[in-house]
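Since this is a predicted model, take the numbers as computed values, not measurements. The basis for the numbers below is simple: all heavy atoms, side chains too, and nothing from hydrogens, waters or symmetry mates.
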Amino acid sequence: MLLHFDLKEFQEKVSTQLRPWQRSFQFWVRAADIYTGYKLFQVRASLEKDVKKQEVMWEKQHEVAADKIYSMCSELGGFFLKVAQIVGKPDLAPAPWVKRLVTLCDQAPATPYNVIRVVLEKELGQNIDELFEYFDKDPLGSASIAQVHRARLRGDKNDVVVKVQHPGVQELMMTDIRNLQAFALYIQKTDVKFDLFSVTKEMEKQISYEFDFVREAEAMARIRHFLCQNNKKSPVRVPCVIRDMVSRRVLVMEYIDGIPILKLGDEMEKRGIHPDGKLAAAAKMNILKNLSHAYGQMILESGFFHADPHPGNILICKGSEVALLDYGQVKDLPDELRLGYARLVLAIADNDPLRASESYRDLGIETFSNCEDEQNEMLRLAQTMFDTKLPPGVTMLQPFAEESSIKKIAVKAFPEELFSVLRTVHILRGLSVGLGINFSCAEQWRPIAEEVLYVAGRLTAKDLKQIHRRGTSRRRFWR
């Protein structure tokens, strides 16, 4: 009896099995190159006593590293596109990094239409021509997990967006995250006194949810209902899910017309609006306030929030209206963490070092410090981690600099579930810096925090009256 041997099928199976190992090797080679490059440069820079020359040296080193990080993220794709979104923020990363990495939003390689069609028809159980009057074969955008196409359902007048998952992407992204976790363990032992491993564990948990579009559709509907129910007009637009057209790997929703927030400046120039003028400033402030207000309500009132407000997920519609897209990453905070964070928001808004330290303990954030003026450093750390406003005279945070609070105060333990709040606030800060506005979400969220603590019995009516009577100089009372 002769056995049929398909060489091509065998090669594909071997290639599939080797792919995670190949990715791991590529990551470690590139990460080691970038890391050792900086470590060696630190020695060279320390020998240069001229501060201005040292700054020029650092700028050149950042440019070299930016090219390497860009190459790694763009060529490996997948999870590393998300890493680029997290790292490439104007308040956190060096300017050369931001300039290179910001262009990676929604630039994942597109899956060919014939493959997308197979996934779509298998998931929805119908021929694509039976479902849609037209279906644009060229995607509107392609991100790390899925790509989106514009289409129109048969018998309908409005366009829809069809989100389809890239085949085989889940296994590769989980490999990437495990490699990052190992790298985080090394970094936190050698350079950054912060519990980075817990952060990456929470990332693993959150990203694993993104592969289930049924869960995403439910989250989108829940947040849309909450924001509409709690406001005369929702501060942000949330797409409406098309019922009966959702599966684990396919999601159909309404099409929202708008421009990506990164192209806002170009659009203003097209319309003859000076990007630095009063009209532009008012529009930017309106955008930021509405987006931030939506997040204050979601995080503090509901505890269930959209946890990925990077620029690729934000559209600006007519009248400076904001649309918030992609609900793959959402977080449901336990009530104790939600209320604990509300207390921390009040401490930050009031510049209260004692309350900030107490709130850290309540939240389960364990720190260690031998520095002088520990309480004020704790407040600075709280502001750095959980507020969007930059300190006076600062245009970019340098978390790895020797004078930074993260260097002075070691964060030994950080609740995994709080990472989504931390990441969301940092992305909002990046947006505010990108828009040229130094904006405090803690100050904006103060009334929301007071209200949720009052409803939960942590503030009394008497406390609230005293707070409101004292105005901006008010102290906080919570139980």
Are the side chains of Leu363 and Leu418 in contact, using a 4.5 Å heavy-atom criterion? yes
Can you find a pair of side-chain heavy atoms, one from Pro334 and one from Glu417, that are under 4.5 Å apart? yes
Any sub-3.5 Å donor-acceptor pair from Lys284's side-chain atoms to Pro275's backbone N or O? yes
So Phe419 and His426, ring pair (Phe, Tyr, Trp, His ring centres under 6.0 Å) or not? Walk me through it. CA-CA 10 Å; Phe419 168 66; His426 276 236; 9.2 Å; no
Tabulate below the donor-acceptor pairs under 3.5 Å that side-chain atoms of residues 259-269 make, not counting sequence neighbours, or state none.
unit_1, atom_1, unit_2, atom_2, d
Glu267, OE2, Arg271, NE, 3.1
Glu267, OE2, Arg271, NH2, 3.3

Identify every side-chain donor-acceptor pair in residues 293-301 under 3.5 Å, counting partners at least two apart or on other chains, and give the distances.
unit_1, atom_1, unit_2, atom_2, d
Tyr295, OH, His306, O, 3.1
Tyr295, OH, His306, ND1, 2.7
Gln297, OE1, Asn231, ND2, 2.8
Gln297, NE2, Asn231, OD1, 3.1

Which word best sums up how the rings of Trp58 and Phe41 line up, parallel for under 30°, tilted for 30 to 60°, or perpendicular for over 60°? perpendicular
Check whether Phe211 forms a cation-pi arrangement with Arg248 (NZ or CZ under 6.0 Å from the six-membered ring centre, at most 45° off the ring normal). no
From OG (Ser432) to CD1 (Ile427), nearest 0.5 Å: 12.0 Å
Minimum side-chain heavy-atom gap Ile348-Arg355 below 4.5 Å: no
N/O donor-acceptor pair under 3.5 Å between Trp445 side chain and Ser292 backbone: yes
Please determine whether the number of non-hydrogen atoms from other residues, nucleotides or ligands lying under 6.0 Å from atom OH of Tyr255 exceeds 12. yes
Looking at Phe213, I'd like to know if the NZ or CZ of Lys163 sits under 6.0 Å from its six-membered ring centre while staying within 45 degrees of the ring's axis. yes
Exam field: side chain Thr388 to backbone Cys441, donor-acceptor pair closer than 3.5 Å: yes
N-O pairing of Arg458 and Glu336 below 4.0 Å: yes
Is Phe27 close to Thr175 at the side-chain level, that is, under 4.5 Å between some pair of heavy atoms? no
Below 4.0 angstrom, N of the basic side chain to O of the carboxylate: do Asp257 and Lys318 qualify? no
Is it true that Glu204 and Lys201 have a side-chain N and a carboxylate O under 4.0 angstrom from each other? yes
With Asp332 as reference, evaluate Lys205, Arg222, Arg215 under the salt bridge (Lys or Arg N to Asp or Glu O under 4.0 Å) test and give the passing residue. Arg222
Residues Asp136, Arg150: salt bridge by 4.0 Å N-O rule: no
Taking Arg249 for the side chain and Ala146 for the main chain, is one N or O donor matched with an acceptor at less than 3.5 Å? no
Phe439 vs Lys389 side-chain heavy atoms within contact, under 4.5 Å: no
Salt bridge flag under 4.0 Å for residues Arg446 and Asp350: yes
Side chains of Asp308 and Tyr327, heavy atoms from C-beta outward: is any pair under 4.5 Å? no
How about Glu216 and Leu251: do any of their side-chain heavy atoms sit closer than 4.5 Å? yes
SB check Lys99 Glu63 (cutoff 4.0 Å): no
For the side chain of Asn230 and the backbone of Phe226, is there at least one donor-acceptor N/O pair under 3.5 Å apart? yes
Look at Glu254 together with Arg224 and state whether they make a salt bridge at an N to O cut-off of under 4.0 Å. yes
Could you verify whether a donor N or O on one side chain and an acceptor N or O on the other, from Gln375 and Ser357, lie under 3.5 Å apart? no
Going by an N to O cut-off under 4.0 Å, is there a salt bridge joining Glu358 and Arg343? no
